Amino acid sequence: MNKIRVRVADWHKDIAEIRRIREAVFIAEQSVPPELEWDADDQDAVHFLAFEGDFAIGTARLLADGQIGRVSVLKDWRGLKVGDALLQAAIEQAEQQDLKHQSLSAQVHATAFYERHGFKVVSEEFLEAGIPHVDMVRAS
């Protein structure tokens, strides 16, 4: 396996790759309705793409208020620290933008992943797109 690299994506130039990954993970695998997956926040978010070689295998986004979301890795690349690299890139970008607090809504099964990066659960469990979630925050 090649080294995984993450870069800031250009929403307009990289939209096909971002859509391919999020549609595979959220819409196809997790049955999230497309109208809930795509929103107005995408246009202004900072997006990230993870690559193995030239093939995009994961994505995430950072909103102007410090909210990290849409962290997704294609099935065949899970467990290989791709999510860690994406999340770290988003945290570093937030800190560069002087966003001292980052937040996210985590699928409950992924809370331990986010806790390893300093996030703490701050809400009761709730359903989002039919999937159990909790809100989490991280202070720099």
Side-chain angles (χ1 to χ4, degrees):
M1 182 171 90
N2 293 333
K3 184 170 170 51
I4 302 299
R5 64 182 174 84
V6 175
R7 69 165 170 82
V8 172
D10 180 305
W11 175 247
H12 299 287
K13 292 179 184 170
D14 296 316
I15 189 170
E17 299 285 28
I18 294 166
R19 289 185 74 88
R20 177 179 56 80
I21 295 164
R22 285 172 45 182
E23 286 174 358
V25 173
F26 296 121
I27 297 171
E29 282 183 44
Q30 299 181 356
S31 301
V32 172
E35 62 272 15
L36 295 180
E37 177 56 29
W38 307 108
D39 61 27
D41 289 333
D42 278 321
Q43 189 78 16
D44 298 320
V46 177
H47 293 269
F48 303 88
L49 279 170
F51 291 86
E52 180 186 18
D54 292 331
F55 187 66
I57 57 174
T59 189
R61 74 177 187 187
L62 172 67
L63 303 183
D65 64 359
Q67 184 176 6
I68 297 170
R70 305 307 201 268
V71 179
S72 48
V73 176
L74 294 175
K75 193 175 208 168
D76 290 345
W77 284 269
R78 291 185 197 143
L80 302 174
K81 305 288 185 190
V82 178
D84 292 282
L86 282 163
L87 187 57
Q88 193 57 46
I91 290 168
E92 289 171 7
Q93 181 73 31
E95 290 174 345
Q96 287 173 11
Q97 293 178 8
D98 206 28
L99 299 169
K100 303 241 185 273
H101 291 85
Q102 297 94 46
S103 63
L104 52 85
S105 291
Q107 293 182 8
V108 169
H109 71 85
T111 54
F113 165 74
Y114 292 109
E115 286 171 338
R116 285 198 316 269
H117 292 272
F119 286 85
K120 299 200 180 328
V121 175
V122 295
S123 76
E124 296 296 319
E125 191 174 304
F126 60 92
L127 288 180
E128 188 172 301
I131 301 168
H133 281 71
V134 290
D135 287 330
M136 301 184 78
V137 296
R138 178 185 178 278
S140 300

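Treat the numbers as computed from the prediction; the structure is a model and nothing was measured. Start at 1 with the first residue, then count along the sequence.
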TODO: Decide yes or no on ring pair (Phe, Tyr, Trp, His ring centres under 6.0 Å) for Phe113 and His117, but give the supporting numbers first.
DONE: CA-CA 7 Å; Phe113 165 74; His117 292 272; 5.3 Å; yes
Distance, nearest 0.5 Å, that separates [atom1] of [X] from [atom2] of [Y]:
X      : Y      : atom1 : atom2 : answer
Leu63  : Asp44  : CG    : CG    : 9.0 Å
Met136 : Ser123 : CE    : OG    : 9.0 Å
Leu74  : Glu52  : CG    : CD    : 11.0 Å
Ile18  : Phe48  : CD1   : CZ    : 10.5 Å
Thr59  : Phe51  : OG1   : CZ    : 9.0 Å
Arg19  : Glu37  : CZ    : CD    : 9.0 Å

Determine the minimum heavy-atom distance between [X] and [Y], stating which atoms define it.
X      : Y      : value
Ala106 : Thr111 : CB-CG2, 4.4 Å
Trp11  : His47  : CE3-NE2, 3.3 Å
Pro132 : Leu127 : N-CD2, 3.6 Å
Gly53  : Arg5   : O-NH2, 3.4 Å
Val71  : Ala60  : CG2-CB, 3.9 Å
Val6   : Ala89  : CG1-CB, 3.6 Å

So do the side chains of [X] and [Y] get within less than 4.5 Å of each other, counting heavy atoms only?
X      : Y      : value
Asp98  : Lys100 : yes
Lys81  : Ile4   : no
Phe119 : Leu87  : yes
Leu36  : Glu128 : no
Gln43  : His12  : yes
Gln93  : Leu99  : no
Gln97  : Leu62  : yes
Leu49  : Arg7   : yes

Open item on the list: Quick check against the 3.5 Å criterion: does Asp42 have a side-chain atom that pairs as donor or acceptor with the backbone of Ala45?
Closed with: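 Side chain of Asp42 to backbone of Ala45, a donor-acceptor pair under 3.5 Å: no, none is there.
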Open item on the list: With a 3.5 Å distance limit and no angle check, can you tell me whether His133 reaches the backbone of Ile131 through a side-chain donor-acceptor pair?
Closed with: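 Side chain of His133 to backbone of Ile131, a donor-acceptor pair under 3.5 Å: yes, one is there.
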Side-chain heavy atoms nearer than 4.5 Å, only ILVMFWY residues, links allowed to pass through others: does that put [X] and [Y] together?
X      : Y      : value
Leu80  : Ile21  : yes
Tyr114 : Phe126 : no
Trp77  : Leu86  : yes

Task: Arg78 bridged to Glu29 by N-O distance under 4.0 Å - done: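 Salt bridge between Arg78 and Glu29, a charged N being under 4.0 Å from a carboxylate O: yes.
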Open item on the list: Assess whether a salt bridge exists between Arg61 and Asp39, defined as any Lys/Arg side-chain N lying under 4.0 Å from an Asp/Glu carboxylate O.
Closed with: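 Yes, charged N to carboxylate O under 4.0 Å.
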Open item on the list: Can you tell me if Glu124 has over 12 outside heavy atoms packed within less than 6.0 Å of its CD?
Closed with: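 Count not over threshold, so no.
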TODO: For side-chain contact (heavy atoms from CB on, under 4.5 Å), just list the numbers for Arg22 and Trp38, CA-CA rounded to whole Å, side-chain angles, deciding distance to a tenth of an Å, and then say yes or no.
DONE: CA-CA 9 Å; Arg22 285 172 45 182; Trp38 307 108; 3.3 Å; yes
